[in-house]
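It should be emphasised that the depicted structure is a prediction, and the values quoted were computed from it without experimental measurement. Here is the naming used below: chain letters follow the sequence lines, and residue numbers restart at 1 for every chain.
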There are 2 protein chains.
Amino acid sequence: MLSHSTGWREVSRAAPVFAALGDETRLALVARLSSEGPLSITRLTAGSAVTRQAITKHLDVLATAGLVSDLRRGRERIWELEPRQMEVARTYLEHVSKRWDEALGRLKKFVED
Amino acid sequence: MLSHSTGWREVSRAAPVFAALGDETRLALVARLSSEGPLSITRLTAGSAVTRQAITKHLDVLATAGLVSDLRRGRERIWELEPRQMEVARTYLEHVSKRWDEALGRLKKFVED
DNA sequence: GTAACATGCAACCATGGGATTGCATAAGAC
DNA sequence: GTCTTATGCAATCCCATGGTTGCATGTTAC
């Protein structure tokens, strides 16, 4: 993909975040962490249908996207939400919506003239 | 995955939308459609590095997620943004952030008591 | 009607992603 | 010290996905 006028920098920053959120299991993990607060891997696994290892991999994906972070407490590993990174995705959507409205405005003006 | 107390319905609705947005090529398509307005397949292909067929497939993915819609104009197929579906993703992120804040609030109260 | 253009359809290929199983290691509990 | 619990690591499997090429079909232009 060539560098394009339409904010390519933003695209390549936001896409991985969306990709990380674009899986039901991961989105459910984000939901649980947001409502129940920081949780260990085994606790997160207990509420899910898949294996602990699968959950671990999903958490790694979320961590790579900057959506969660971990800290060690004794023998367990606690994961918590990193809501700042979700802002990247949210503002991106707002940005797109806004430009779309502007495009509609231009079209309307064009038709009227 | 078991039906869980944490808004599973919402999760399974929002995940496909995030998944559709989680690809650089597709996100770039969304960006172009938002800034330039409705465009045909060939026009969209012209600004991209991949094949027309690849672009078509990506548009199909976006359409399945409800993010774009198409209409025929003569021999060409015009694609335009469907910003309503992006609201689903945006409100989901807001929802998660809000619950996270509440969780922090509960934690703070717990520590203080 | 014929040429050029826009798109559709189908087969194919390579890679990555989601999930599993089995075993190893580290840290509390007693 | 031993047992149990929480996690890490690695190999493996299956399938979805992103991309391609080649050819067919429909539509506009002249």
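For Leu59(A) and dA19(C), the CG to P distance is 12 Å, given to the nearest whole Å. Atom-to-atom, CG of Asp60(A) to P of dG16(C) comes out at 18 Å; the value is rounded to the nearest Å.
Every residue meeting the side-chain contact (heavy atoms from CB on, under 4.5 Å) condition with Ala15(B), not counting sequence neighbours, appears here in chain and number order: Glu24(A), Leu27(A). For Thr42(B), the side-chain hydrogen bond (donor to acceptor under 3.5 Å, both in side chains) partners at least two apart in sequence or on another chain are Ser40(B). Taking the side-chain contact (heavy atoms from CB on, under 4.5 Å) definition, one finds that Asp101(B) meets it with nothing, sequence neighbours left out. Considering only residues two or more places apart in sequence or on other chains, Arg73(B) meets the salt bridge (charged side-chain N to carboxylate O under 4.0 Å, His left out) condition with Glu76(B). For Thr64(B), the side-chain contact (heavy atoms from CB on, under 4.5 Å) test picks out no residue, with sequence neighbours left out. Legend: residues meeting side-chain contact (heavy atoms from CB on, under 4.5 Å) with Ala20(A), ordered by chain and number and at least two apart, are Val61(A), Leu62(A), Ala65(A), Leu67(A). Partners of Glu87(B) under the salt bridge (charged side-chain N to carboxylate O under 4.0 Å, His left out) rule, at least two apart in sequence or in another chain, are Arg90(B).
For DNA chain D, the outermost nucleotides in 5' to 3' order that have an atom under 4.0 Å from a heavy atom of chain A are dT4(D) to dC9(D).
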For this session: Scan nucleotides 7-12 of chain C nucleotide by nucleotide, 5' to 3', and note B when protein non-hydrogen atoms come under 4.0 Å of the base, S if they reach only the sugar-phosphate, - if neither.
Result: BBB---

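Backbone-only engagement by Arg26(A) is indicated by non-hydrogen atom pairs under 4.0 Å involving sugar-phosphate atoms exclusively.
Membership of the apolar cluster around Leu71(B) extends to Ile78(B), as traced through chained side-chain contacts below 4.5 Å between ILVMFWY residues.
Note on residues 43-59 of chain B: no pairs pass salt bridge (Lys or Arg N to Asp or Glu O under 4.0 Å), not counting sequence neighbours.
The C1' atoms of five pairs define one axis at each end of the helix from dG1(C)-dC30(D) to dC30(C)-dG1(D), and these two axes lie 30° apart (to 10°).
Scanning both residues, Trp79(B) and Leu33(B), for their nearest heavy atoms gives O-CD2, 3.4 Å.
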